Amino acid sequence: MGPFITHTKYPKKKNSEDKTSATRACVQRILRERFCHQRLPDRPVGLESQYKHLLELLRRTAVHGESNSVLIVGPRGAGKTMLLRCALRELLELQEVKQNVLQVHLSGLLQTDDRIALKEITRQLHLENVVGDKVFGSFAENLVFLLEALKRGDKSSSRPVFFILEEFDLFAHHKNQTLLYNLLDVSQSAQAPVAVVGLTCRLDVLELLEKRVKSRFSHRQIHLLSCMSFCQYLDAFRSELALPDDFPDSKFSQEWNLNVSELCEEKSVQEILQKHFNSCKDFRSLHLLLLLALTRVSVSNPTLRAVDILEASRMSSADSKANILHGLSVLELCLIIAMKHLNDIYEGEPFNFQMVHNEFKKFIQRKSHSIHNFEKPVVIKAFEHLLQLELIRPVDGGVCKVQREYQLMRLMLDHTQVMEALQRYPQCPTDVKQWAISAFG
Amino acid sequence: MSGYYTKLRARRTYRWEGKPTSEDRKLKRRYYGSLSIAVDRRPAEAVVSVGQYILIEGHDDDNPFVAQLLKLGDVRFMQVTHVQWFVRMCEIHQNKRKLLGRSPHPQEVFYYQDRSCDNEVDAETILGSVQVCVYKAPFPDRENKDTLFVKLVWDTKAFRIMDPELFQPPQSPKSPPPYQHAPRVRALPTPDPTVMKRAMIGVHTRSSMSTGKMGTSEAESAHSASKLSAAKVLNMKRRSRISSNPNIRKKLDLCSPSKKLTRGDVLGDILGEDQDTEEDLAKKLGSSPPRRISITIRMTPLQNPSRSSTDEECLSVQALDSPAKPTSTALDNTSRNVLGVQPLDDDVFELEPALVSKGRTPRKREATPRQPSLRAPKAEEHEDSPIQTTATPRSKRKSAQLVSFQIRKQLSRDELQSDGEDADDDCFVPAKIDLESSSDEEEEVKIDSEDELIVKRSRCTAGSKMTRTAANSRASARTPRKTPSKKAAPTTPRTPRHATPSIPTRSLPARKPENVLEEARARLHVSSVPESLPCREQEFQDIYSFVESKIMDGTGGCMYISGVPGTGKTATVHEVIRSLLQAAEQDEIPHFRFIEINGMRMTDPHQAYVQILQKLTDQKATADHAAALLEKRFSMPAPKKETTVLLVDELDLLWTRKQNVMYNLFDWPTRRHARLVVLTIANTMDLPERIMMNRVASRLGLTRMSFQPYNFKQLQQIITSRLNRVKAFEEDALQLISRKVAALSGDARRCLDICRRATEICEHSGQQGGTKLVGMSHVMEALDEMFSSSYITAIRCASLQEQLFLRAVIAEFRRLGLEEATFQQVFVQHQGLCRMEGLQPISVSEGLAVCQRLGACRLLLLEPSRLDLLLRVRLNVSQDDVLYALKAD
């Protein structure tokens, strides 16, 4: 009986193991898609009115051939692109729109001048084949070509074109703002129907526009300034982590979702989230936090725990220089402490190596027993290492032809960073610690 | 394309054959019998002599211009020839080609009668000789490439049967046939009944290719300025008349001021001119019954070349008395009366004698192709004196005005007549033959009135009144929208290489507006072309009369238009051009070309040349080459040139360090042969003084106009006129919008955009449907959305740490007493504030991230982030705003 049972048990266990690992993989895939692949939510959260406005605007261009221009303004991570893509997605579900609309996506970071932008527009409108075998001409020809193409269209018969300009503010830095002028001019005249949608995070974007360009812009701005409360943030946290209803293993998904709800109730998790919420309201930072926590979910650790989130939070809010400071030698640390004292004494004025060395020598004289008396060349070596790590930086960019010891430097560390590093430094001599704390060297 | 002939040209050398046949000491001209053209690498020299037919190089190398050589001479080493032009079908304006009524023979040319056309060309443009024959019968089938056929005369209005007298066989270049003292009547073979019919409509010859009219045409251009004011006066008078007549007022409302103006102006011309032509005719024909008469004037090469224009002026009137008498066959309706005019004195003859002395623009004459009609001798006597005493162009104009004024007085008395006067004078419709021949006379007839003959006449035209009014209403009902400038401009067929692409057409048509709000929104869109441009009547008038007078005179000029964005500058100019094109289509003014360039639509100021050239001739060239070609085009006395109206939008962007683009643009109109009218638009009123060098500003001249920003009443009127009785707005709401915009910028675009936004808000707020009006609340919301600053909202919506950081910035500023601090300094403050608020202090990295986020929104101004702790921070908002936004929490 016994062997029989074990015989039947083994494959079953293996089966369930297979199944659980498959489930884990599925969880990872779904959530990672949500966190890093910018998968669109079903509806934009908290932006209903803006969404409606944008959708209506684009719909009118697509259906009625009415030209429009609009700016979507909001801080980074506020969901500008998400909003636009949601609107486009919904719009393109209409058969009538799908067959008609042409889209041109430009980004100010990619199309750094009008010349490139024009080429890109021509390419995306599939107009380059009309040019025929001719190699695409000069910038001037390009512009004339494109404008003529747009001019020949009219409101009722040509297909509407959506021009989507990401990082709109960067287009305003192009020479004469030629591209913006022409796009907005088309949107204000009886030519091919266009919708010019600009996305930017700059609130003062209109001040960048030249007066003629500004006059042609319709002054519609959709602001994405979320006034989210912490409760909403918690809800978002819950829904972001929740598994969908159509998850294959319904039992697991129920467990998972229950666990997530419990996490939200937990005090420590709430504290972490509150801290995050205080520092940054947008979803992108939340996604980053959740992704870090998600990486700790494994077969042995099937659900998300509070400690995972704590660890993720610690990682995401860690100071970037802390790790470098951990790797320094005691001598280098001493030099940094000397520099900190110099900063205190001279109120942030720059220092040179000689000053730091003097300061260090004074400390050695007082506490000669605690630290080895290093030769000057060794100290210089340590100083240069700090320079290479960019923990100190020359004042004039290192151009000046002064002897190295007398070159003026600045410390790129804040006091808090230095003290933090000392606290965590393994086996740091007590004298050094005391020297750092004491107000007078 | 252009490279071809410039290369060719370099290889040709020109030399006079033989000795000068005559000499004019006064004008320092010598005339020769023939000219030999030696082409490199070709042994034989081609010799062209007076009377021969020649090819003259033009813009199109495949079809060089054809002309008959009338005179060869040199003026101060410049070889000049006088020619009689022939035109090919392709040179005729597209709209007129259909008048031929058949497809032209490929080798066919037309005898060209157009006074406005310069018949003086540079001898160095002669390419060689060509064979031209007159054909009456159908064209021969055989294709002889070298022979061209002449059959008809083209006088820019209609095709007529070629009078063989006009055509001098090249065999006898030096011995022109003796003048015919008595008019001969010829039974000409009619090639085609329709052609004949048309030919009869326009049968009268106004133009001749007489030489030496340069002097007069120059005098005319000098008077263009005074003409401008004259046109205005006429127009004003006309308006006052129209306002007294409610029926007409409706038709001639603001939407088509062009009509008023041109009609008024042209009418004056017509009358003034018809008097003269009719005078002599009437004298000759006595009391013959009304019928169509054509005066065809013989054309002979001039015997005495040393004729000055001054001769001509005194001669012309005398020429009236030439013994031309109609024979009995002239009574035949289809026959034509040929008047051989006897030139007086030194063999100089003037074909239409009275006209030249008037010193009016030749252009105008052809713009009014009236059939000379009969007039009572009484009338002629009373008009005679002013004409004979006044030899200068100005006074002639006055007399024309006088007459037109009389007519106007007459017309205001007689409403019915004024209705007829409004009929457009489209002389190409055969059905209107009678009316055309009479529409002017009728009015004159009223002045003289009470003549039996006239009564009879008006009775016979009464029958055609129906057609006329119908035609009239058709013409005036036409909105400007239907005559886009593109269509009217003659376009040469494009080669496939230049084929311009367009956005593909949509598979489903755009939906039409469904409810009142959507309708209103469509009408309020800036792009929708309004039926009229309200509140810019004065500006419209000024620009219109400026351009029109230049077109009429065939001269050039510059105008500078300034105004802040959104005040209707470009729209007004386009409206003017639209009206002018419409007028040109109805032959009220000569045809012209309209070209538009925009400083913003080019990548480099020098591209302006390329674009102008491209639009003028459809050639492609580099900027330098295009500049050279344009320079040549505008300075060379090219034949058959029509006036070019060039609109330069966003002029300030054409600024270059040497300002040569601007210089050229303003210099070309001053050239004698340029016929270029340049309208420039920019935003700043004092642009010429600020950025232009003296020599550029001087050429631009002082014809300036500035568009003031709209005030609230005007804005309100604009919206109301656009809405055009679509009831979508509450009255107060409109007023609020217009007042708000007027107070801020006076930008009409802004105003319309706000209106559109308000309709949207209204639509969304009340989904229950029904007839909902846009009210105050909707407008307020739209205004808020567009004008309120978003900074305060942005600060309120920022995260807690971001708000703290802003407070830290202010605290640090206060501590330092400066408006600038480094991140490190602010961060220290920030840490302190965190502790005060009981928050966990954030790390430096997080602090920097907070700072960068604020910087991205431009609440803070930051240095590049590579400076790390040392980057300097400034506020982009006022401290009060920040504190206000933070306090309200």
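Please read these numbers as outputs of a predicted model, since none were measured by experiment. All values below were derived from every heavy atom in this structure, side-chain atoms included, with hydrogens, water molecules and symmetry-related copies excluded. Chain naming here is simple, since letters A, B, ... match the order of the sequence lines and numbering starts at 1 in each.
Checking side-chain atoms of B/S799 against main-chain N and O of A/S279 turns up a donor-acceptor pair under 3.5 Å. Judged by distance alone, with hydrogens and angles left aside, the side-chain atoms of A/D319 form no donor-acceptor pair with the main-chain N or O of B/S843 at under 3.5 Å. At least one donor-acceptor pair closer than 3.5 Å links the side chain of A/K281 to the backbone N or O of B/C797.
In this structure, the portion of B/A798 lying under 4.5 Å from any heavy atom of chain A is its backbone and not its side chain. Looking at A/L206, neither its backbone nor its side chain comes within 4.5 Å of chain B, counting heavy atoms on both sides. For a residue to count as touching a neighbouring chain, one of its non-hydrogen atoms must lie under 4.5 Å from one of that chain's; by this rule B/V850 touches chain A with the side chain only. Looking at B/R757, both its backbone and its side chain come within 4.5 Å of chain A, counting heavy atoms on both sides. When heavy atoms are compared at a cutoff of 4.5 Å, A/V205 does not approach chain B at all. Only the side chain of A/Q417 comes within contact range of chain B, with heavy atoms under 4.5 Å apart. For chain B, the nearby part of A/E207 is the side chain; its heavy atoms alone come within less than 4.5 Å. Only the side chain of B/F827 has a heavy atom closer than 4.5 Å to any heavy atom of chain A. Of the atoms belonging to B/R601, heavy atoms from both backbone and side chain fall under 4.5 Å from chain A. Heavy atoms of B/I754 lying under 4.5 Å from chain A are absent altogether. If you measure heavy-atom distances from B/I842 to chain A, you find no contacts under 4.5 Å at all. With a 4.5 Å cut-off on non-hydrogen atoms, B/L804 does not touch chain A at all.
By number of non-hydrogen pairs under 4.5 angstrom with chain A, the leading residue of B/M786, B/Q611, B/M600, B/H525 is B/M600. Listed options A/R216, A/E56, A/H415 were ranked by heavy-atom pairs under 4.5 angstrom with chain B; first place goes to A/R216. Of the residues considered (B/D753, B/V828, B/V610), B/D753 shows the highest number of contacts with chain A, using heavy-atom pairs under 4.5 Å. Interface check for chain B: of the options A/T178, A/L57, A/N182, the most heavy-atom pairs under 4.5 Å are formed by A/N182. Each of A/Q99, A/R76, A/E96 has some count of heavy-atom pairs under 4.5 Å with chain B, and the biggest count is that of A/E96. Note on B/R756, B/E518, B/Q825, B/Q831: by heavy-atom pairs under 4.5 Å with chain A, the leading option is B/R756. Heavy-atom pairs under 4.5 Å with chain A peak, among B/N683, B/T793, B/L839, B/T822, at B/N683. Comparing B/A794, B/S789, B/A522, B/S527 by heavy-atom pairs within less than 4.5 Å of chain A, the highest count is held by B/S527. Looking only at heavy-atom pairs under 4.5 Å with chain A, the residue among B/Q801, B/E650, B/Q607 that has the most is B/E650.
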Worksheet entry | Stepwise side chain to side chain contact (heavy atoms under 4.5 Å, CB included) test for A/M412 and B/L870 | CA-CA 8 Å; A/M412 302 307 286; B/L870 303 176; 3.8 Å; yes

Fill in: Full working for salt bridge (charged side-chain N to carboxylate O under 4.0 Å, His left out) between B/E760 and A/R220
CA-CA 12 Å; B/E760 282 167 28; A/R220 283 162 195 273; 2.7 Å; yes

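In this structure, the side chains of B/D868 and A/K321 come closer than 4.5 Å at one or more pairs of heavy atoms.
Summarising the geometry of B/E846 relative to A/S317, their closest heavy-atom pair is OE2-CB, 3.2 Å, with the distance given to 0.1 Å.
By the side chain to side chain donor-acceptor pair (under 3.5 Å) test, A/D114 pairs with A/H174, sequence neighbours left out.
In this structure, a donor-acceptor pair under 3.5 Å is absent between the side chains of A/H219 and B/R749. Looking at B/S845 and A/S320, their side chains do bring a donor and an acceptor atom within 3.5 Å of each other.
Under 4.0 Å is where a charged nitrogen must lie from a carboxylate oxygen, and between B/D652 and A/R212 at least one such pair does. Salt-bridge formation is not detected for the pair A/K211/B/D747: no Lys NZ or Arg NE/NH1/NH2 atom is positioned less than 4.0 Å from an Asp or Glu carboxylate oxygen.
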